[in-house]
There are 2 protein chains.
Amino acid sequence: MGEELKLFGVWGSPFSRRIEIALKIKGVEYEYLEEDIFHNKSALLLKYNPVHKKIPVLVHNGKPIAESQVILEYIDETWNDNPILPRDPYKRAMARFWAKFIDEKCVPAIWKSFMSGGPEREKANEEACELLSTLEGELKGKKFFGGETVGFVDIVASFIGHWVGPFQEAVGVDLLTEDKFPMLCKWAEEFKNCPVIKENLPPRDKILAFFKAQLEMLTSFYKNRV
Amino acid sequence: MGEELKLFGVWGSPFSRRIEIALKIKGVEYEYLEEDIFHNKSALLLKYNPVHKKIPVLVHNGKPIAESQVILEYIDETWNDNPILPRDPYKRAMARFWAKFIDEKCVPAIWKSFMSGGPEREKANEEACELLSTLEGELKGKKFFGGETVGFVDIVASFIGHWVGPFQEAVGVDLLTEDKFPMLCKWAEEFKNCPVIKENLPPRDKILAFFKAQLEMLTSFYKNRV
């Protein structure tokens, strides 16, 4: 069957990188289309994701899917080899619980601690630390969130494993450090050492340079948003 | 096998009612435990959902699951009869997309429009209307979000179908009306006329009385939260 698979993404986005990692784990070929999300969204992106107008969007044989966790589940159900989610319903539920926790609690809290200033930053930092402690606890006795191999939660957590480091360096905040979160830091190293992960993450220095350049714009964007 | 299935919920909560509806659709027996979520959370609830300390929690043979959408997926994967999610991966992805849209976009926007006052309410109301229009569009040509029968998205949308009416009456806001959203209103009627739904929703007047009594507390809670 002639499959057509297109991914609309942004090179530096942890959300579209999730999809690339999953497709590489599955060994599925796809065409990648880089979007200029800040200045000039393509007509195709707006057509395929009219509700959120955001990346990532995966288009499979002409049918679009948006929202990175929804796309990950679709990929896992469509190409069954090398499963991303566990097969057992209870373990699947736990994976979904933690992925949700990361996207709905950890990511916004970390972002807030980077983007806020003054006394608000301290409070935001405390909140982010508390959430990361909960996540750290979930790694106890495990190599990956998925157990012995990288799975759904690890892929979703790649923002924490790869982006938080250069972001905190750019902003000058000490959030994720080895003394505070030894297991999360160990996990991040193990995760990034997996060949399929290593080859599909943007280089750290490129993230750092990009984030430094965009910091002012991002700060004002974030303030208007919250 | 002697199954043990317990649900921790609150009678007036649309989130724990989702789980009751799903279990009734599946024809699965369960024990229901009412929580006093505002004043006195039980030791068991705190034990079973230490991360969020919220209802609903489903405990299956001693193993707890939290987060209503995660629980719905677990139920559908554990008891296969009378599926809640479609079997086709693309249709499943669409169901997950719209369920996420309801919980992450519509519910907070509707809540904000009820809880805010003055000029802020007008803006919040406009935002909520825009989101509801998008949802209205999704019903075009369909009886239920799930097609001919009630499914995942309908269950998640029950807040809109059943709770928004008495809430807007209590607050004095016209948000979901037949002239603005004819398809959503028709869907709400069809949805509530299904026997399994009708028998598992709290009475409208009970919701209205409860919400009126709690309005002051909820407003101050909401203001401190946003």
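Within every chain, numbering begins at 1; the chains are lettered A, B, ... in the order of the sequence lines, protein sequences first and strands thereafter.
Contacts of A:E104 with chain B are made by side-chain atoms alone, with heavy-atom separations under 4.5 Å and no backbone atom involved.
Residues A:I110 and A:L176 are not in side-chain contact: their nearest non-hydrogen atoms beyond the backbone lie 4.5 Å or more apart. Side-chain contact between B:L45 and B:L33 is absent, with no heavy-atom pair separated by less than 4.5 Å.
Among residues 78-100 of chain B, the residues having any heavy atom closer than 4.5 Å to a heavy atom of chain A are, in sequence order, B:T78, B:P89, B:Y90, B:R92, B:A93, B:M94, B:R96, B:F97, B:W98, B:K100.
Side chains of A:E127 and A:S113: a donor-acceptor N/O pair is absent below 3.5 angstrom, by distance only.
Paired with B:S68 under the rule side-chain hydrogen bond (donor to acceptor under 3.5 Å, both in side chains), one option of B:R18, B:E73, B:R17 passes, and it is B:R18.
Ring pair A:H60/A:Y74 is perpendicular by interplanar angle, where above 60° counts as perpendicular and below 30° as parallel.
Listed for the A:K41 side chain is a donor-acceptor partner under 3.5 Å among the backbone atoms of A:K53.
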